[in-house]
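Single-structure report; data block below.
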Amino acid sequence: MRARKRRVAARRGRRRARVRACKDGSLAARRDGAMSERRPRVMSGMRPTGNLHVGHLVGVLTQWAAYCESADAFFEIADLHAYTTGFSDPQAIRDAREEMVAVWLAAGVDPERSTIYLQSGVPEIAELQTLLSMIVPVSWLERVPTYKGQIEALGNEVATYGFLGYPLLQLCDIAAMRGERVPVGRDQVAHLEFGREVVRRFNYLYGDGRDVLTEPQPTLSEFPEVLGIDGRKMSKSYDNAIYIADDEETTTKKVRAMITDPLKIRRGDPGRPQICALFALWKFANPFRVDAVAAACRSGELGCVQDKGDLAEALNAYLRPVRDRLAAYRADRGAVTRVIEEGTARARAVASDVLRDVKRAMRLV
RNA sequence: AGGGCGGUAGCUCAAUUGGUAGAGCGGUCGCCUCCAAAGCGACGGGUUGCGGGUUCAAGUCCUGCCCGCCCUGCCA
């Protein structure tokens, strides 16, 4: 009880500090270059999907957890984005919401030091999209490299208006939170570049010499490649993932099924760790043993069966604390829901501020 | 709204004048391998979108409906 009170008090204090920071962060202050010690606003998001896997954990979530310390972080449950391709199964999107956030929290994303919010719970984002859509040429969207490829991959039935506008909605996510830095993988660079062009066009048309919207900067994050059971990139759609929510027995079974070096036929044969899916997992399951494992594999001294047993053990040990916390959050859905509600309220305050600026610039108010 | 094409296994698609619904991929299980992969073998898998009708017999023909994709000049 006392602990909770303290936490709430601490949160209020931080929030007040944040409000002050926002006020200080006015345009004038920014021009003065007085912002150097302010933490950058980082915005990132994820479509609600029930099963997050080890690739998400090491590639994205650990980074998010770090941003909680180093940045003023906003993390979005991108449920509207999920509808662009998953519109035929709304229940799946709804069901994934709390579960996904439970995994975020279990992975160390700190709701006290970041803002976790629901995209559809911030209607200002959607309104912003409508406003900005007026100045976005269709051809800009059509030439985003992922568009035609995705249509080809997913079929013409997903070629909706909303799907075409996906990159614009992404920009609105960022702009509505005044995101400055956006961690992106290589495939998302084009989307952000598109978004920057939209911002420049908006400021040119309506800014009257000022930057109403801020161009978000990409933060290239080269995630360590995590390979799935079949040796390809770990991905839900390849059905080759080890899930954070898997139990230890399932994890062990999956590790046993993983592809190793096809030229290492029998024990004693030299292996090539660099092409072995096991090795990709060792790097983070236990970084202190990577070199020893790789050397033993190369010499042939280490057999794959032994290797798999060891890795399964190391991986389960690495995941155990995350899984334990996940179990706790699953048992207390109410706490997760509260995190989302509080975060969404905070996000909404930021977004309505932005929307007001945009509407003024467009002479709508 | 109208026109065209389509809906068959988890996915992509076959099925002759109407005559026992199949294949590939995927999946599961064996053999082989330190394991896995590859290779070989086996197995499972279906209300043929839904309802009527014609017929000895309908995935196939007729009819109504549902769903998907494509097309239907300019004036929003």
Side-chain angles (χ1 to χ4, degrees), chain A residues 49-51 53-55 82-93 95 129-139 141-142 147-166 225-243 246 248-283 285-286 289-290 292-317 362 364:
Chain A
T49 164
N51 285 324
H53 53 64
V54 168
Y83 278 88
T84 57
T85 54
F87 53 82
S88 60
D89 192 0
Q91 194 59 44
I93 298 171
D95 290 343
Q129 189 190 18
T130 296
L131 297 181
L132 295 191
S133 73
M134 304 308 169
I135 66 166
V136 177
V138 176
S139 63
L141 288 160
E142 284 172 338
Y147 178 69
K148 286 196 167 81
Q150 283 288 295
I151 295 296
E152 212 166 298
L154 301 174
N156 231 331
E157 59 267 22
V158 304
T160 62
Y161 177 47
F163 184 74
L164 178 65
Y166 195 111
E225 179 99 309
V226 178
L227 301 182
I229 294 165
D230 59 4
R232 292 184 292 174
K233 180 178 185 277
M234 189 180 285
S235 157
K236 186 182 180 183
S237 53
Y238 288 158
D239 194 25
N240 67 355
I242 294 172
Y243 294 102
D246 281 343
E248 300 202 355
E249 194 187 337
T250 305
T251 304
T252 303
K253 242 168 78 182
K254 285 182 175 178
V255 169
R256 243 199 318 261
M258 289 183 77
I259 292 189
T260 61
D261 183 347
L263 292 183
K264 184 167 159 66
I265 306 295
R266 40 189 74 250
R267 187 171 171 183
D269 290 349
R272 294 168 296 172
Q274 67 275 16
I275 64 160
C276 178
L278 296 183
F279 183 66
L281 286 180
W282 265 118
K283 284 185 197 161
N286 190 337
R289 284 179 62 184
V290 177
V293 169
C297 172
R298 273 197 201 93
S299 74
E301 174 199 342
L302 176 65
C304 295
V305 172
Q306 175 75 41
D307 195 4
K308 285 179 174 180
D310 294 347
L311 174 63
E313 215 172 287
L315 190 57
N316 276 325
M362 292 179 80
L364 287 164

In residues 226-234 of chain A, which ones come under 4.0 Å of RNA chain B, going by heavy atoms?
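The answer is none.
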Test item: A/L311 and A/F279 side chains (from C-beta on) under 4.5 Å apart, heavy atoms
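The answer is no; the side chains never approach within 4.5 Å.
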Answer whether the closest heavy-atom distance between the side chains of A/N156 and A/I151 falls below 4.5 Å.
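Yes, side chains in contact.
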With [atom1] as the reference atom in both, quote the distance from [N] to [M] in angstrom, rounded to an integer.
N	M	atom1	value
B/U63	B/A76	P	40 Å
B/U20	B/C32	C1'	38 Å
B/C11	B/G53	P	31 Å
B/A14	B/G64	P	26 Å
B/G68	B/A15	C1'	23 Å
B/C13	B/G52	C1'	29 Å
B/C56	B/G22	C1'	25 Å
B/G18	B/A23	P	24 Å

What residues form a salt bridge (Lys or Arg N to Asp or Glu O under 4.0 Å) with A/E248, not counting sequence neighbours?
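Applying salt bridge (Lys or Arg N to Asp or Glu O under 4.0 Å) to A/E248 gives A/R320.
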List in chain and number order the residues that pass salt bridge (Lys or Arg N to Asp or Glu O under 4.0 Å) with A/D230, two or more places apart in sequence or in another chain; answer none if no residue qualifies.
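Salt bridge (Lys or Arg N to Asp or Glu O under 4.0 Å) check on A/D230 returns A/R232.
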Indicate the atoms forming the closest heavy-atom contact of A/L278 with A/K308, along with that distance.
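That closest heavy-atom pairing would be CD1-CG, 3.7 Å.
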Which atom of A/L141 lies closest to which atom of A/L164, heavy atoms considered
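Minimum heavy-atom contact is CD2-O, 3.2 Å.
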Measure [atom1]/[X] against [atom2]/[N] and give the value in whole Å, please.
X	N	atom1	atom2	answer
A/I151	B/C69	CD1	P	11 Å
A/E157	B/G6	CD	C1'	12 Å
A/F87	B/C67	CZ	C1'	12 Å
A/F279	B/A37	CZ	P	22 Å

Measure the CE-NZ distance between A/M258 and A/K253 for me, rounded to the nearest 0.5 Å.
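So the CE of A/M258 and the NZ of A/K253 are separated by 15.5 Å.
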For nucleotides 73-76 of chain B, list the nitrogen or oxygen atoms of the protein found under 3.5 Å from its nitrogen or oxygen atoms, one pair per line.
none

The criterion is ring-ring contact (aromatic ring centres under 6.0 Å, His included); which residues satisfy it with A/Y166, sequence neighbours excluded?
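ring-ring contact (aromatic ring centres under 6.0 Å, His included) list for A/Y166, sorted by chain: A/H81.
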Not counting sequence neighbours, which residues clear ring-ring contact (aromatic ring centres under 6.0 Å, His included) with A/Y147? List them please.
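Once residues adjacent in sequence are excluded, the partners of A/Y147 under the ring-ring contact (aromatic ring centres under 6.0 Å, His included) criterion are A/F163.
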Can you give me the dot-bracket string for RNA chain B, 5' to 3', counting Watson-Crick and G-U wobble pairs with both distances under 3.5 Å, using [ ] for crossing pairs and | for partners on another strand?
(((((((..((((.....[..)))).(((((.......))))).....(((((..]....))))))))))))....
Among all residues two or more places apart in sequence or in another chain, which pass the side-chain hydrogen bond (donor to acceptor under 3.5 Å, both in side chains) test with A/T160?
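side-chain hydrogen bond (donor to acceptor under 3.5 Å, both in side chains) list for A/T160, sorted by chain: empty.
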A/K236: partners by side-chain hydrogen bond (donor to acceptor under 3.5 Å, both in side chains), with sequence neighbours left out
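Only A/T49 meet the side-chain hydrogen bond (donor to acceptor under 3.5 Å, both in side chains) criterion with A/K236.
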Please tabulate, one pair per line, each protein N/O and nucleotide N/O from nucleotides 30-35 of chain B that are separated by under 3.5 Å, including the distance.
{"residue": "B/U33", "atom": "O2'", "partner": "A/I265", "partner atom": "O", "Å": "3.0"}
{"residue": "B/C34", "atom": "OP1", "partner": "A/I265", "partner atom": "O", "Å": "2.6"}
{"residue": "B/C34", "atom": "OP2", "partner": "A/R266", "partner atom": "NH1", "Å": "2.5"}
{"residue": "B/C34", "atom": "N3", "partner": "A/C304", "partner atom": "N", "Å": "2.8"}
{"residue": "B/C35", "atom": "O2'", "partner": "A/R256", "partner atom": "O", "Å": "3.3"}
{"residue": "B/C35", "atom": "O2", "partner": "A/K308", "partner atom": "NZ", "Å": "2.4"}
{"residue": "B/C35", "atom": "N3", "partner": "A/T260", "partner atom": "OG1", "Å": "2.9"}
{"residue": "B/C35", "atom": "N4", "partner": "A/T260", "partner atom": "OG1", "Å": "3.2"}
{"residue": "B/C35", "atom": "N4", "partner": "A/K264", "partner atom": "O", "Å": "2.8"}

Would you please confirm or rule out a distance under 4.0 Å between OP1 or OP2 of B/C70 and any side-chain N or O of A/N156?
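Result: yes.
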Output all residues satisfying side-chain contact (heavy atoms from CB on, under 4.5 Å) with A/P270, sequence neighbours left out; order by chain, then residue number.
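A/P270 satisfies side-chain contact (heavy atoms from CB on, under 4.5 Å) with no residue once adjacent residues are dropped.
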For A/W282 and A/D310, run side chain to side chain donor-acceptor pair (under 3.5 Å): C-alpha distance rounded to whole Å, both residues' side-chain angles, the deciding distance at 0.1 Å, then the answer.
CA-CA 10 Å; A/W282 265 118; A/D310 294 347; over 6 Å; no
Applying side chain to side chain donor-acceptor pair (under 3.5 Å) as the test, list every pair that has at least one member in residues 262-274 of chain A; sequence neighbours left out.
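For residues 262-274 of chain A, and leaving out neighbouring residues, the side chain to side chain donor-acceptor pair (under 3.5 Å) pairs sorted by first residue read A/D261-A/R272.
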